[in-house]
Amino acid sequence: MSDSLVLVERRGDGERRVAWLTLNRPKQLNALNDALMDELGAALRAMDADEGVGCIVVTGSEKAFAAGADISAMAKYEFMDVYKRDFITRNWETMRSVRKPVIAAVAGFALGGGCELAMMCDFIIAADSARFGQPEIKIGIIPGAGGTQRLPRAVGKSKTMDMVLTGRMMDAAEAERAGLVSRIVPADRLQAEALAAAEAICALSGPSVMMAKECVNRSFEAGLSDGLMYERRLFHSLFATQDQKEGMDAFLAKRKPSFRNA
Ligand code: HXC
């Protein structure tokens, strides 16, 4: 096994390929330390900038997507350590600026910062073995990478309070019912299903995919009127692309579109 904390591969055989990022600290259940998050941030930036990549998948091992931020590292931190070097913001938040779609393919534990990392992705495909939780309260802290903000947006206040205040885990079925994950697949199909979803996205027009992501994300930041206006203007702007002409012409001619990402 490589020493890298994040393995970077390209998968799929379309013109634009899938960047496949595997968190690689399996013995520690992919506990997320600064070195790993620095590597993940660098890989995300590189794949986002690569014209040959159309979609990114972030995944872990069979046993754990990630069991949280690294408690053995955090145990020694003092307030001034985390404040001065802006713990979390500096590297974890790189995910927020990625413009290409990012799918989290989750098997096993996604706890604490691991659940938060999965929620930072655009959607979550869960293996039936997946377990989600925000157990920080059990070690004297609270979620710190967006859990108290993104979880209620996904599953509502009551379930979030239950998770955050008791630290209990949800299994994949509960997570799907609650709207945290988009679909559940058998654990041995997780990679294939995530790759198929990512390849389907790669085959679409890159600019429209990027704008669709921007619009959905806008709904989390803006009020309805501003969000609708944002969507409307981006929708209008797509009529300036070659891919809109091609997509619609191909539909009418009953042929497969050939997108140029322009
Ligand atoms: C450091 C961790 C870890 C973590 C597991 N390990 N989670 N190390 N940080 N978050 C290590 C264990 O110490 C152990 O190391 C090895 O991984 C295997 O774990 P076990 O506990 O032996 O496995 P198991 O009995 O199967 O239990 C799995 C588990 C448990 C239920 C997931 O490991 C667990 O409760 N982990 C902590 C979960 C957690 O509290 N996460 C939130 C962290 S705080 P050794 O050396 O003994 O083999 C957080 C803050 C986020 O995420 C806010 C900012 C980012």
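Just so you know, ligand 1 is whichever comes first in the structure, and atom 1 is the first atom listed for that ligand. As the structure is a computational prediction, the values presented were derived from the model and not from experiment.
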Answer yes or no for [atom]: protein heavy atom present at a distance under 4.0 Å?
{"atom": "atom 22 (O) of ligand 1", "result": "no"}
{"atom": "atom 52 (O) of ligand 1", "result": "yes"}
{"atom": "atom 41 (N) of ligand 1", "result": "yes"}
{"atom": "atom 48 (O) of ligand 1", "result": "no"}
{"atom": "atom 19 (O) of ligand 1", "result": "yes"}
{"atom": "atom 27 (O) of ligand 1", "result": "no"}
{"atom": "atom 45 (P) of ligand 1", "result": "no"}

Nearest neighbour in protein (non-hydrogen) for [atom]:
{"atom": "atom 35 (O) of ligand 1", "answer": "L111 CD1, 4.8 Å"}
{"atom": "atom 24 (P) of ligand 1", "answer": "K63 NZ, 4.0 Å"}
{"atom": "atom 54 (C) of ligand 1", "answer": "I88 CD1, 3.2 Å"}
{"atom": "atom 38 (C) of ligand 1", "answer": "A67 O, 3.3 Å"}
{"atom": "atom 8 (N) of ligand 1", "answer": "A31 CB, 4.0 Å"}
{"atom": "atom 33 (O) of ligand 1", "answer": "L29 CD1, 3.8 Å"}
{"atom": "atom 9 (N) of ligand 1", "answer": "I71 N, 2.9 Å"}
{"atom": "atom 14 (C) of ligand 1", "answer": "K27 O, 4.6 Å"}

Does [Y] offer a backbone N or O that forms a donor-acceptor pair with the side chain of [X] under 3.5 Å?
{"X": "E116", "Y": "G146", "answer": "yes"}
{"X": "T166", "Y": "R168", "answer": "yes"}
{"X": "D243", "Y": "R260", "answer": "yes"}
{"X": "S4", "Y": "L7", "answer": "no"}

Decide yes or no on salt bridge (charged side-chain N to carboxylate O under 4.0 Å, His left out) for E221 and R218, but give the supporting numbers first. CA-CA 5 Å; E221 317 264 346; R218 193 73 176 189; over 6 Å; no
Location of contacts on P135 toward ligand 1, heavy atoms closer than 4.0 Å: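 Near ligand 1, P135 shows its side chain, while the N, CA, C and O stay back.
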Purely on distance, is any nitrogen or oxygen of P143 under 3.5 Å from one on ligand 1?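 No, since none of the N or O atoms of P143 sits under 3.5 Å from an N or O of ligand 1.
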Would you say ligand 1 has an N or O under 3.5 Å from any N or O of G144?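 No: no nitrogen or oxygen of G144 is under 3.5 Å from one in ligand 1.
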Tightest non-hydrogen contact, residues I88 and A145, listed as CG2-CB, 4.0 Å
Closest heavy-atom pair, R183 versus E176, reported as atoms and distance to 0.1 Å, is CA-OE2, 3.8 Å
Just to check, does W92 reach to within less than 4.0 Å of ligand 1 when the distance is taken from its heavy atoms?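 Under 4.0 Å: yes for W92.
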So, does M74 sit close enough to ligand 1 that a heavy atom of it is under 4.0 Å from the ligand? yes
Using salt bridge (charged side-chain N to carboxylate O under 4.0 Å, His left out), reason through R16 and E51 one step at a time and then give a plain yes or no. CA-CA 8 Å; R16 291 194 312 153; E51 290 280 348; over 6 Å; no
Please state which option from M169, R131, Q28 has its nearest heavy atom closest to atom 6 (N) of ligand 1. Q28
Considering only heavy atoms, which of G146, G147, A110, A69 lies nearest to atom 43 (C) of ligand 1? A69
Which of the numbered atoms in ligand 1 are below 4.0 angstrom from a heavy atom of [X]?
{"X": "G112", "result": "42 (C), 52 (O)"}
{"X": "I139", "result": "44 (S)"}
{"X": "E136", "result": "44 (S), 49 (C), 50 (C), 51 (C), 52 (O)"}
{"X": "E116", "result": "51 (C), 53 (C)"}
{"X": "G113", "result": "49 (C), 51 (C), 52 (O)"}

Looking at F109, does the NZ or CZ of R131 lie under 6.0 angstrom from its six-membered ring centre and within 45 degrees of the ring axis?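 Ring-cation test returns no.
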Report yes or no: is the cationic atom of R85 (NZ for Lys, CZ for Arg) closer than 6.0 Å to the six-membered ring centre of Y77, at no more than 45° off its axis? yes
Reference residue D50; test salt bridge (Lys or Arg N to Asp or Glu O under 4.0 Å); the match among R17, R10, R45: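 The residue from R17, R10, R45 that satisfies salt bridge (Lys or Arg N to Asp or Glu O under 4.0 Å) with D50 turns out to be R10.
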Set out, in order, the CA-CA distance, both residues' side-chain angles and the distance that settles salt bridge (charged side-chain N to carboxylate O under 4.0 Å, His left out) for D34 and R90, then state yes or no. CA-CA 10 Å; D34 257 347; R90 190 180 57 75; 3.6 Å; yes
With sequence neighbours left out, what residues match R25 under salt bridge (Lys or Arg N to Asp or Glu O under 4.0 Å)? D70
If you draw a 6.0 Å radius around CD in E62, do more than 12 non-hydrogen atoms from other residues or ligands fall strictly inside?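 Atom CD in E62 is not crowded, with 12 or fewer foreign heavy atoms closer than 6.0 Å.
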Surrounding CD1 of I142 (heavy atoms of other residues, nucleotides or ligands, distance under 6.0 Å), is the total greater than 12?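 No, the 6.0 Å shell around CD1 holds no more than 12 heavy atoms from other groups.
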Should the ring pair F239 and F235 be called parallel, tilted or perpendicular, given that the plane angle runs from 0 to 90° and is split at 30 and 60?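 Because their plane-to-plane angle is over 60°, the rings of F239 and F235 count as perpendicular.
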